[in-house]
Enquirer: 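Dumping the structure here so I can ask a few things about it.
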Amino acid sequence: MSVHIVAFGNERDGFSEDDQQKSLIWTYLGRSALVSETDSNLLLNSASYLRNPAFTEYQACVFGNVRLVIHDCPLWDIFESDWYTSRNLIGEADIIVIKYSVNDKSSFQEVKDIYAPLIKKTLSHCSVPVIISAVGARQNEVPCTCPLCISDRGSCVTASEGIQLAKELGATYLELHSLNDFYIGKYFGGVLEYFMIQSLNQKSSEKMKKRKKSHKCHGVKPPQLDQPGAFQYLLQWILM
């Protein structure tokens, strides 16, 4: 059995050489208690070899024997450059994570106006849990009336804006002020792992239903009396 997670969006203010090590997914996998230390090292070291220009793929074993597959897509351009791949990723996902930096208002606005509606439309015929992750500490947390701070205030994404986006998608909203053990391991990790367990329970239930249906199909079949001579043969057998 497996769980497939797809993460969209860039949770950093800008790209740098060590962005991968500071990413939400990278940090979660490195700190998660579900992933053993050996698996974690192998997974993080091999991530670069599983890289596609549009996403990074991570694989690990969790809950003992469950295969965890995560596709991390930091660039929303995948919806424009490769709609087929992005649609397939969403279609195969058990959980979707949308992440953004609270200090990048323009990127958030693009997500809200363009990409979130696309995801919502793709998920219209299925129930896949979505997690909205607002990452970072807002630069305008300290109240100030100087012109510079007033200008910065408009460049930050407020909590109410994030919550509104979550409502539109029927998603769970999380604010992650830092990528530390509490926010990543207990807060984000706790919610993500809850949905992972729910997904596994649903798959197990569906598997049991298929087994029961299969057993019923392999039960005693009634005689095919519409076949030539079948009725006469059955009548003779009864009268013997």
Side-chain angles (χ1 to χ4, degrees), residues 1-12 19-44 47 55-74 89-90 92-102 108 111 116 119 123 126-138 141 157-205:
M1 201 171 290
S2 63
V3 176
H4 183 200
I5 300 171
V6 179
F8 292 107
N10 175 26
E11 65 275 30
R12 298 170 294 276
D19 273 341
Q20 188 187 49
Q21 295 181 3
K22 293 182 179 180
S23 72
L24 174 61
I25 299 301
W26 177 278
T27 307
Y28 165 72
L29 290 170
R31 296 171 184 262
S32 175
L34 290 181
V35 182
S36 68
E37 186 175 349
T38 302
D39 282 344
S40 177
N41 290 333
L42 290 173
L43 176 146
L44 298 178
F55 59 80
T56 301
E57 179 181 306
Y58 302 97
Q59 295 189 21
C61 187
V62 296
F63 298 121
N65 59 350
V66 175
R67 189 167 71 97
L68 174 64
V69 180
I70 303 180
H71 287 95
D72 190 9
C73 312
L89 286 174
I90 295 173
E92 295 171 359
D94 297 307
I95 305 166
I96 291 177
V97 177
I98 296 177
K99 46 198 173 71
Y100 62 86
S101 167
V102 296
F108 173 81
V111 174
I119 292 176
L123 295 176
C126 56
S127 57
V128 175
V130 179
I131 301 173
I132 304 289
S133 299
V135 181
R138 293 178 181 82
E141 290 294 327
V157 183
T158 64
S160 60
E161 289 174 314
I163 292 170
Q164 181 58 38
L165 175 61
K167 286 182 178 178
E168 292 173 4
L169 290 173
T172 300
Y173 176 75
L174 301 177
E175 284 219 351
L176 309 174
H177 300 298
S178 172
L179 300 184
N180 59 22
D181 285 331
F182 172 75
Y183 285 106
I184 298 301
K186 296 182 180 179
Y187 194 32
F188 174 76
V191 173
L192 185 66
E193 288 156 19
Y194 168 81
F195 285 128
M196 288 168 63
I197 292 171
Q198 293 300 310
S199 174
L200 290 171
N201 287 340
Q202 182 178 352
K203 289 182 179 182
S204 179
S205 176

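Only this structure's heavy atoms are used, side chains among them; waters, hydrogens and symmetry mates stay out.
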Enquirer: Would you mind reporting whether E11 and L176 have side-chain heavy atoms less than 4.5 Å apart?
Expert: no

Enquirer: If every non-hydrogen atom of D94 is compared with every non-hydrogen atom of V128, which pair is closest and at what distance?
Expert: O-CG1, 3.5 Å

Enquirer: Nearest 0.5 Å please: distance from the OG atom of S160 over to the OH atom of Y173.
Expert: 8.5 Å

Enquirer: Rounded to the nearest 0.5 Å, what's the gap from CD1 on I25 to SG on C73? Could you check?
Expert: 10.0 Å

Enquirer: Hey, are the side chains of E92 and V6 touching, using non-hydrogen atoms and a 4.5 Å cut-off?
Expert: no

Enquirer: What pair of heavy atoms forms the shortest contact from Y28 to G189, and how long is it?
Expert: CE1-CA, 3.6 Å

Enquirer: Answer yes or no: is there a side-chain heavy-atom contact under 4.5 Å between W26 and T56?
Expert: no

Enquirer: Would F63 and I197 satisfy side-chain contact (heavy atoms from CB on, under 4.5 Å), going step by step from the backbone distance to the final call?
Expert: CA-CA 9 Å; F63 298 121; I197 292 171; 3.8 Å; yes

Enquirer: Give the ring-plane orientation class for Y183 versus H177, where under 30° counts as parallel, over 60° as perpendicular and anything between as tilted.
Expert: perpendicular

Enquirer: Any side-chain heavy atom of V102 sitting closer than 4.5 Å to one from F108?
Expert: no

Enquirer: A side-chain contact here means heavy atoms from C-beta on lying under 4.5 Å apart; do Y58 and I5 qualify?
Expert: no

Enquirer: Any side-chain to backbone donor/acceptor pair from K99 onto G9? Under 3.5 Å, distance only.
Expert: yes

Enquirer: Can you name the nearest heavy-atom pair linking I131 to F188, along with the distance?
Expert: CG2-CE1, 4.5 Å

Enquirer: Measure the spacing between CG of N180 and NZ of K186 and express it to the nearest 0.5 Å.
Expert: 10.0 Å

Enquirer: Indicate yes or no: at least one non-hydrogen side-chain atom of L169 is less than 4.5 angstrom from one of I96.
Expert: no

Enquirer: Contact between V66 and M196 at the side-chain level, heavy atoms closer than 4.5 Å - yes or no?
Expert: no

Enquirer: Looking at every heavy atom in both F55 and H71, which two are closest together, and how far apart are they?
Expert: CE1-CD2, 3.2 Å

Enquirer: How close do S2 and L200 get, counting heavy atoms only, and between which atoms?
Expert: O-CD2, 4.3 Å

Enquirer: Does any non-hydrogen side-chain atom of T172 lie less than 4.5 Å from one of P129?
Expert: no

Enquirer: Between R138 and V157, is there a donor-acceptor pair closer than 3.5 Å when you use the side chain of the first and the backbone of the second?
Expert: yes

Enquirer: To the nearest 0.5 Å, how far apart are OG1 in T27 and CD1 in I184?
Expert: 6.0 Å

Enquirer: Other residues, nucleotides and ligands only: do more than 12 of their heavy atoms fall within 6.0 Å of OH on Y194?
Expert: no

Enquirer: Rounded to the nearest 0.5 Å, how far does NE2 of H4 lie from CD of E57?
Expert: 7.5 Å

